[in-house]
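Step one of this worksheet: look at the structure below.
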Protein chains: 2
Amino acid sequence: MGSIDSKTEEIIFRAARKVFTRKGFDGARMQEIADEAGINKALLHYYFRNKDKLFDRVFRDVVKSTLPQLIGIMNSDMPLFDKIRTFTSTYIDILSGNPEFAGFVFHELSRNPYRLLESLKESGPNLRVLENQIKEAALSGKIEYIPVTHLVVNMMSLIALPFIAQPVIMGMFSMNPEDFDAFIRERKELVPQTIIHSIIKRP
Amino acid sequence: MGSIDSKTEEIIFRAARKVFTRKGFDGARMQEIADEAGINKALLHYYFRNKDKLFDRVFRDVVKSTLPQLIGIMNSDMPLFDKIRTFTSTYIDILSGNPEFAGFVFHELSRNPYRLLESLKESGPNLRVLENQIKEAALSGKIEYIPVTHLVVNMMSLIALPFIAQPVIMGMFSMNPEDFDAFIRERKELVPQTIIHSIIKRP
DNA sequence: TGTACATTTGACCATCTGGTTAAATTATTT
DNA sequence: AAATAATTTAACCAGATGGTCAAATGTACA
C-alpha cells in the first residue's frame, strides 16, 4: 500500500514527477503525463485515481527523497563547521541532480500550505541539536551567536535560491548552461565559507 | 501608449496583478480577475485583448516597479558597504510590501525564460561599477576578493528566499504571521552583517 | 435634442481538460 | 482449454475556460 509495484505504475509515476516538477500542479496536464509515459490517459486514472492523488504522491516522493537526508545531517553529532559543509554539499548535490525540486516545493507550498504540516511533520525536523551546538560555540567564543532560525534560513537561501533563479542568473550574467554548472560547483566551496566567515569570531 | 488612462482600466489592472502574482499564469482565471475587479469578463478583453497580453503587462509592471530601484543602487557611487546595506534594506522593504513578487517573478521566468531578455534588458543591469568597487576594496586589503556574480547572488538569495519559502519557514519554526514579520525585520540588520562579515578582511 | 462614439453587459461558442465507461486484450488460475 | 481476473484502450462526457458578439447603456458634442 502506497508503494509502487508494477512496472507500468512506475513508468507512469516517473512521468508524473517529471511533468509536475517542471510545470507545477496548475501547469501540468494529465494528457502530457500520459504521453510522457507512453500510455493511454485512462490508464493514469486506473493506477492513480485522479490528478490530486497523483500529485500528492509526487509531492510526498520529492519531499521524502530530500528532506530526511538533510535532517539527518542536521541532527547528527558532527562538529558545527563540518555540519555546515556537509549540509551544503549534500543539498547542492541533490539540487544539481534535480534543479526543479526547490522551485517546485516552495511554489506548491505557497499555493497550498496545508500540505506542509503532513509532509514536513512526517520527516520531523528537530533543531535542538543544532541550537545547542550554536550556543556552545558562542559561549566558548568560537563564533558570534546567531539564532538557529537565521542560520538555517541563510544556508537554505544561499543553496536553494540560485536554482530557483537560474534563468535570472543566466540572463543577468550572460551565462550558458555550462557556465551555470560551473557557477554552482563554485558555490559548494563558497557557501560554507560564506556562512562560516559570517559567524566565526575574529581575534 | 502602453500606459493606463481610464479609471476602469486601472481597477482591472490592479485586480489582474493581484490574481496573477498570487496564483501565477497557470493558476489564474480570467473570471477570477473579473470578479476581483467587480466587472464583466468581456470587459477584460475589451481593455486587454487576451490573457497573455494582460499577463505580459502585469509581469512587466512588477519587474519595472522593483528592478530599476535595485539597479539604481547597484550603479550608484555609494561606498561598497553602504551599498550592501541600502540594497538589502530597499529590497526587503519592496518584498515586505509585496511578498508574492519574488516567487512570482522567479516562477514565471522558469516557466517561460524568453521573457527574461526583454524585461531584464529593458532595465539594463550593469555590474561594472560594483565589480570595480570589489576589486578596489580587495586590492586595498579591506575585503577578501569575491566575484561579483557570487556577491550579487548571495544578497539576492538571503533577501528573496525567505519570502519564497515563507510557509516552509513558518511551519519549520512554528511561527505565526507576526513572528514571521519580526523574523524578516531582523534580517534587515542580519543580512548586510552576514554579507559584510563574509567578505571583510580579518586582521 | 439628436447623433456619433466609447463603455459595459448578458448570452453564447469552441476548445480544453479531468474523468468515466464499456469493450478489448493480455495474463493467471483451474 | 475454459474461465476468471487484471491490464489497456478508444470513445465519450460534463464542466471549466478563454474568448466573441450583438445589443444596451452611458457620454460628449453638434
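Quick note: numbers below take in every heavy atom, side chains included, and nothing from hydrogens, waters or symmetry partners. A note on names: the letters A, B, ... follow the listed sequences, proteins ahead of strands, and every chain is numbered from 1.
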Considering only heavy atoms from C-beta outward, does the side chain of A:F163 approach that of A:S96 to under 4.5 Å? yes

Here the distance between atom C1' of D:dT25 and atom CD1 of B:I39, to the nearest Å, is 16 Å

Please report, rounded to the nearest Å, how far the P atom of C:dT8 is from the NZ atom of B:K7. 13 Å

Got a sec, which pairs hit salt bridge (charged side-chain N to carboxylate O under 4.0 Å, His left out) with one end in residues 87-101 of chain A, sequence neighbours left out? A:D93-A:K188

Decide if atom CD of B:E186 counts as having more than 12 heavy atoms of other residues, nucleotides or ligands within a radius under 6.0 Å. yes

So B:R187 and A:V153, do their side chains get closer than 4.5 Å, heavy atoms only? yes

Expected string for nucleotides 10-27 of chain C under the B/S/- scheme (protein heavy atoms, under 4.0 Å, primed atoms plus P, OP1, OP2 as sugar-phosphate) is B------SBBBB------

Report the distance from atom CZ of B:F48 to atom P of D:dG18, rounded to the nearest whole Å. 16 Å

Under 4.0 Å: is that the gap between some side-chain N or O of A:Y46 and OP1 or OP2 of D:dT9? no

For B:Y47 and D:dG19, give me the distance from atom OH to atom C1', rounded to whole Å. 18 Å

Surrounding CD of B:Q31 (heavy atoms of other residues, nucleotides or ligands, distance under 6.0 Å), is the total greater than 12? yes

Could you note down all residue pairs passing salt bridge (charged side-chain N to carboxylate O under 4.0 Å, His left out) where residues 15-33 of chain A supplies at least one of them, sequence neighbours left out? A:R17-A:D61, A:K18-A:E36, A:K23-A:E32, A:D26-A:R111

OP1 or OP2 of C:dT7 sitting under 4.0 Å from any side-chain N/O of B:T8? no

